[in-house]
2 protein chains.
Amino acid sequence: MSSRGRPVATSHAEIERVAFRLFAERGFDDVTMADIAAGVGVGRRTLFRYFESKNDIPWGQFDRTLDGFRAILAEMPRELPLHVAVHRAVQRFNEFPPDARPSHRERMRLILETPALQAHSVLRYAAWRAVIAEHVAASLGRSPDDLLPRTVGNVSLALALSAYEGWLADPDADLAVLLDDAMSGLRDYVAGPRA
Amino acid sequence: MSSRGRPVATSHAEIERVAFRLFAERGFDDVTMADIAAGVGVGRRTLFRYFESKNDIPWGQFDRTLDGFRAILAEMPRELPLHVAVHRAVQRFNEFPPDARPSHRERMRLILETPALQAHSVLRYAAWRAVIAEHVAASLGRSPDDLLPRTVGNVSLALALSAYEGWLADPDADLAVLLDDAMSGLRDYVAGPRA
DNA sequence: ATCTTTGTGGCGCTGGGTGCCATTAGTGTG
DNA sequence: CACACTAATGGCACCCAGCGCCACAAAGAT
């Protein structure tokens, strides 16, 4: 495990720290990549080797967390109805230890309230939806490209985003409860007036 | 209604025609605004007065069609269960006369398969979702900011996108049928194994 | 003919993002 | 110690979207 070549001069984590500080101070749009590079003490060109784009900075290591999401889904008891399994997996995926809450909240506020990031995020969501679609497809013995798995992926994202919006609006709200509310609201809605 | 000042030199429609032709020939990303301007025979600067951004060109006059969507929702019979009313309204909103099909298909393919446009589109979808949220809120005597109206908006979009993806994948598919399938799939899904 | 109005479009600039390439700072080998 | 080797760095030039500014063009009104 010997390390050859020039040693790294920075890290994703440090770039994120500097970037989030600047975003908080001046707003996402008013911070340039040059600003962040200067803050980190690194070249602008180097920044683009750590993050594909400015929009990718707030998402950090998201892609790697998807492996955890896959694992959570795989661990769900087989007896559970599929929609319950997916629902609980989404809840667990979005659980954070209390000390990680403030930064997670800050990150999600940035992502969900900055238009440029709202837009960019759909590309990240696609990978998240695919994880669900694959799980649903495997559970049902179908293809992830079939309508139902894709629909469940899309709807799960819809529920999660609805819950997150409510979570950001109310500092005291519990995301798991909001997810429950969104899901039960949806069940009542599609079941019709008196079900 | 006398028209004063210099007469217009182009139109949204002509820009769209030229742009779609170029997009089809070389792909969205490989067409520059300068290319489109040259094709229309107009200055690049002028293009940005007709469309806020390159990403807005494929969407055309979408915002104006939302008034039609509002009207469709308002006309739905009161006796219908809410989810049926919304579902049918979404179907009607996405009905196009046969001769408009090819161009609509091309437009949706561009929007749904070009990453830059997938991303940009969420900003348009927000307005669409808001129309549904407002209708649901009004029907239920709640605020459009409440969880349920927002959730229904998000879920309706999820269903529509699922259906559209299937529609693009299969040239012979009927969008209204795909919307039905997506909705009934969702109902079965949230109802559990034996409902 | 002149004034007013309104669309046009050139110019210059900012900022994200990329390809290219020289440089740097380490490790390993003689 | 000197030499290669390797990998990260970052400067530079460039492309393109988008915007502010402003001069200009083309019409109707007086």
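Chain letters run A, B, ... following the sequence lines, proteins first and then strands; every chain starts at 1. Bear in mind that the values here come from a model prediction, so they are computed numbers and not experimental data. Heavy-atom basis, side chains included; hydrogens, waters and symmetry copies ignored.
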Sorted by number, residues from residues 41-55 of chain A placing a heavy atom under 4.0 Å from DNA chain D are Val42(A), Gly43(A), Arg45(A), Thr46(A), Arg49(A), Tyr50(A)
Hydrophobic cluster mates of Ile36(A), side-chain heavy atoms under 4.5 angstrom, ILVMFWY only, any path? Val8(A), Ile15(A), Val18(A), Phe20(A), Leu22(A), Phe23(A), Phe28(A), Val31(A), Met33(A), Val40(A), Val42(A), Leu47(A), Phe48(A), Tyr50(A), Phe51(A), Ile57(A), Leu110(A), Leu117(A)
Separation of atom CZ in Arg6(A) from atom C1' in dA25(C), rounded to whole Å: 6 Å
Pairwise distance OG(Ser156(A)) to CD1(Ile132(A)) - rounded to 0.5 angstrom: 4.0 Å
Taking the six-membered ring for Trp, is the centroid-to-centroid distance between Trp128(A) and Tyr125(A) below 6.0 Å? no
Correct closest heavy-atom pair for Trp167(B) and Asp174(B) would be CD1-C, 4.4 Å
Taking it one step at a time, do Leu161(B) and Leu112(B) satisfy side-chain contact (heavy atoms from CB on, under 4.5 Å)? CA-CA 9 Å; Leu161(B) 289 176; Leu112(B) 292 172; 3.9 Å; yes
Can you list the residues that meet the side chain to side chain donor-acceptor pair (under 3.5 Å) rule with Arg88(A), with sequence neighbours excluded? none
Any residue of residues 8-34 of chain A with a heavy atom less than 4.0 Å from an atom of DNA chain C: Val31(A), Thr32(A), Met33(A)
With the threshold set at under 4.0 Å for non-hydrogen atoms, list the residues of residues 114-124 of chain B touching DNA chain C in residue-number order. none
Where at least one partner belongs to residues 136-163 of chain B, residue pairs that pass ring pair (Phe, Tyr, Trp, His ring centres under 6.0 Å), sequence neighbours excluded: none
If the plane angle is over 60° it's perpendicular, under 30° parallel, otherwise tilted; pick one for Phe93(A) and Phe62(A). perpendicular
Per nearest nucleotide of DNA chain D, the residue lying toward the 5' end, Gly5(B) or Pro7(A), is Pro7(A)
Which whole-number value in Å describes the distance from Ile36(A) CD1 to dG15(C) C1'? 12 Å
Return yes if a side-chain donor-acceptor contact under 3.5 Å exists between Thr151(B) and Asn154(B), otherwise no. no
Regarding His104(A) and Asn94(A), is there a side-chain donor-to-acceptor distance under 3.5 Å anywhere? no
